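See structure below.
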Protein chains: 2
Amino acid sequence: MPTIKDVAKAAQVSVATVSRVLNQDKNVSPQTRQKVLEVVQKVGYTPNMLGRNLRRKNTERVLVLIPSLSNQFLSGVIRGVESAAKEKDLQVMISATHNDRAAEEGYLEMLDNRSVDGIILVGSTLEREEISRLANQYPLVMCSEWIEGAAVSAVGIDNERAAFDAVNALLSGGRKRVAVISNEEVYSARLRTQGYRRALAQAGVPYRQEYEVDHYEYTYRAGMRACRKLMALPEPPDAIFAVSDELAAGVCKALIEQGITPGREVDVFGFDNTTMSKVVTPSISTISQPRKKIGETALELLWERMEHPEGNYRLVLLPHELVLRDSSRKIN
Amino acid sequence: MPTIKDVAKAAQVSVATVSRVLNQDKNVSPQTRQKVLEVVQKVGYTPNMLGRNLRRKNTERVLVLIPSLSNQFLSGVIRGVESAAKEKDLQVMISATHNDRAAEEGYLEMLDNRSVDGIILVGSTLEREEISRLANQYPLVMCSEWIEGAAVSAVGIDNERAAFDAVNALLSGGRKRVAVISNEEVYSARLRTQGYRRALAQAGVPYRQEYEVDHYEYTYRAGMRACRKLMALPEPPDAIFAVSDELAAGVCKALIEQGITPGREVDVFGFDNTTMSKVVTPSISTISQPRKKIGETALELLWERMEHPEGNYRLVLLPHELVLRDSSRKIN
DNA sequence: CACCTCCATGTAATCGATTACAGTTCCTAT
DNA sequence: ATAGGAACTGTAATCGATTACATGGAGGTG
């Protein structure tokens with residue numbers, strides 16, 4: 001690969017001049033500029049980013065760190081990030097942590113060693129203090145999933161409220177025995193459980209411990225297992241709210257296996273409005289998050305941190321929407 | 001952030017010595033090493049990768065370039081890449097092109113400007129010559145989806161054979177009128193169409209133009225549309241082979257809407273063995289690719305190119321498996 | 001005509017690491 | 001006692017860019 005020196009030599013100018021041409025510095029005569037550009041063209045010169053980055057002390061690159069790649073919701077979020085990043089001429093890279101702390105720390109080290117200019121973190125295995133420390137030192141924001149009480153900018157929806165709305169929809173459809181399948185290890189899911197409880201409380205429905213099932217994985221298998229457990233209760237629920245669509249799909253599958261039709265005998269509600277919630281039969285009622293907008297906002301927040309490292313942290317909550325389908329009775 | 005100079009000063013040694021300690025050079029006395037490590041610890045020094053990369057002329061980082069993030073199959077492939085990359089101490093980054101040529105070219109430029117050491121490309125919008133040129137100049141391999149006739153190392157399955165096997169399974173189940181939903185713009189899908197045709201030919205089933213539906217997108221909506229079209233034919237098919245599970249799920253949904261049960265009146269076959277093929281009712285027969293192995297092999301091939309740039313290109317075809325479920329009659 | 005300004009360009013420092021080469025100390029073998 | 005070599009450490013070049021500062025010439029003004 002030719003370097004800036006080669007170009008300078010071939011164009012019979014100094015490296016400074018070549019650099020000026022390439023960086024739109026106006027102090028270059030049209031003739032010289034012309035000549036340099038010709039040479040650049042001819043030898044196929046591309047600036048070496050390692051050199052440039054070292055000198056400029058930045059990379060114009062941001063990293064999105066997600067727990068898992070096979071998440072349709074997140075892929076929508078990332079499209080939002082990409083779209084906003086394009087505006088700012090930032091390159092977007094993605095890596096998956098698989099909830100592995102060592103892996104996550106490895107990627108976060110890229111902030112220390114300047115491999116990326118900033119990180120958008122979707123959930124984390126780290127503690128609140130650790131996150132706060134990083135966010136204080138570097139451009140780092142959280143997205144969709146954040147850490148309770150951490151000092152960091154974040155964007156997502158009001159999970160408590162969304163769950164409250166979903167359960168309310170089930171209750172106003174006439175259901176009385178609403179169960180929830182949640183995940184106490186994840187903050188957003190804990191908030192959803194709280195919303196579930198508040199809806200029940202507000203409707204005067206007594207709280208039942210046995211209607212709250214905790215599951216670590218958001219897989220359809222976990223959903224099936226949880227559903228079987230619930231339906232085996234002496235008094236099985238007549239509605240099930242799951243904190244993810246894949247869980248909800250598993251619930252539906254387990255119900256169908258038992259000869260129960262979701263949306264008739266038992267309502268089912270999911271979360272995230274993924275393709276799966278539309279494809280399965282019956283289609284599943286769910287919560288739709290403004291994915292793209294969430295991603296865009298995440299990048300805006302990150303940009304804010306990059307431009308004003310001393311500014312205040314912000315928490316942005318975007319509006320969600322209920323999507324009512326066949327797995328729950330319509331409200332009228 | 002402290003630099004190597006700060007550490008050197010604090011430890012009262014030269015930068016060379018600090019560097020030696022950090023790079024396991026054995027020519028350092030235990031006392032000095034000890035002292036340097038203490039200072040490194042104390043000031044929280046991390047080597048600046050921009051400096052190191054420039055000097056070493058590499059980044060120990062590889063990029064996986066995929067068309068779309070919301071692809072469960074690919075996420076399995078990437079896990080394979082990550083797992084193999086760990087062995088070689090390479091960091092994996094992922095970016096999505098969304099089949100946008102400009103975006104793809106932007107990311108491929110990272111080879112020119114040395115931002116990454118190599119790229120694993122899953123499909124491409126570029127021409128054969130362009131790919132060949134890049135693969136000749138830099139470590140670049142293709143994975144799952146490659147370009148017909150391009151001079152580049154690649155790994156995937158024998159798509160023609162896999163489709164042949166799938167269609168044979170349908171035929172040996174007693175089906176006579178097998179249709180296919182494919183995508184002529186994608187090489188792997190073209191190969192699958194060829195396998196479909198060969199299976200029909202071998203079974204002596206006459207070829208019917210109207211049984212081959214071409215669809216650009218691999219979405220369930222496209223599958224529904226294609227299915228309706230097929231079932232509206234004067235002589236509708238009694239089996240449908242779709243080149244992706246999501247298409248197949250759409251086919252099933254459209255069939256159910258028409259009161260037809262997949263696996264009874266009409267068989268359905270998908271491709272990729274994604275969660276969706278398991279979750280929908282009835283579950284969908286499909287082809288399973290060794291995702292993780294594919295990813296691992298892709299990284300091995302890339303490593304091969306990095307170590308021996310002058311070596312020969314290799315095409316590795318891994319074995320696939322038929323997964324028979326409820327959407328097709330079992331063979332007995 | 002002397003002086004000043006502005007423009008175009010070049011020289012050299014710099015970013016933060018690695019590493020070739022050189023120098024010092026000290027041990028060992030003759 | 002001394003040459004030779006091993007072990008340790010430092011000095012300075014280097015990677016490929018950007019950029020502060022210096023320089024020289026053109027043009028304008030009183």
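Note on naming: letters A, B, ... go to the chains in the order of the sequence lines (proteins, then strands), and numbering restarts at 1 for each one. Small disclaimer: the values here were computed from a predicted structure and weren't measured.
For B:D25 and C:dT19, the CG to C1' distance is 10 Å, given to the nearest whole Å. As rounded to whole Å, 11 Å separates atom P of C:dT18 from atom CZ of B:R20. The nearest whole Å value for the distance from the NZ atom in A:K35 to the C1' atom in C:dT9 is 14 Å. Atom C1' of nucleotide D:dA26 and atom CG of A:N27 are separated by 15 Å, given to the nearest angstrom. At whole-Å resolution of the value, CD in B:E60 and C1' in C:dT18 are 13 Å apart. Taking atom NZ on B:K9 and atom P on D:dG10, their separation rounds to 14 Å, with Å as the unit. For the pair A:N58 CG and D:dT18 P, the computed distance is 11 Å after rounding to whole Å.
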Verdict with reasoning, B:S14 to B:T17, per side chain to side chain contact (heavy atoms under 4.5 Å, CB included) | CA-CA 5 Å; B:S14 72; B:T17 301; 3.3 Å; yes

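Between B:T32 and D:dC8 there is no side-chain polar atom (N or O) within less than 4.0 angstrom of OP1 or OP2. Residue B:T17 places at least one side-chain N or O closer than 4.0 Å to OP1 or OP2 of D:dG10.
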Could you list the protein-to-nucleotides 13-17 of chain D atom pairs, N/O on both sides, closer than 3.5 Å?
{"unit_1": "D:dT14", "atom_1": "O2", "unit_2": "B:R55", "atom_2": "NH1", "d": "2.7"}
{"unit_1": "D:dC15", "atom_1": "O3'", "unit_2": "B:K57", "atom_2": "NZ", "d": "3.2"}
{"unit_1": "D:dG16", "atom_1": "OP1", "unit_2": "B:K57", "atom_2": "NZ", "d": "2.6"}
{"unit_1": "D:dG16", "atom_1": "N2", "unit_2": "A:G51", "atom_2": "O", "d": "3.2"}
{"unit_1": "D:dA17", "atom_1": "OP1", "unit_2": "A:Y45", "atom_2": "OH", "d": "2.8"}
{"unit_1": "D:dA17", "atom_1": "OP1", "unit_2": "A:N48", "atom_2": "N", "d": "2.6"}
{"unit_1": "D:dA17", "atom_1": "OP2", "unit_2": "A:I4", "atom_2": "N", "d": "2.3"}
{"unit_1": "D:dA17", "atom_1": "O5'", "unit_2": "A:Y45", "atom_2": "OH", "d": "3.2"}

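Smallest separation of non-hydrogen atoms from B:I147 and B:L126: CD1-O, 4.0 Å.
Around the CZ atom of B:R291, the shell of radius 6.0 Å holds more than 12 heavy atoms that belong to other residues, nucleotides or ligands.
Using a 4.0 Å cut-off between a side-chain N of Lys or Arg and a carboxylate O of Asp or Glu, A:R133 and A:E127 do not qualify as a salt bridge. The pair B:E105-B:R101 meets the salt-bridge criterion, since a charged nitrogen lies less than 4.0 angstrom from a carboxylate oxygen.
Between the side chains of B:S188 and B:E145, at least one donor-acceptor pair of N or O atoms lies under 3.5 Å.
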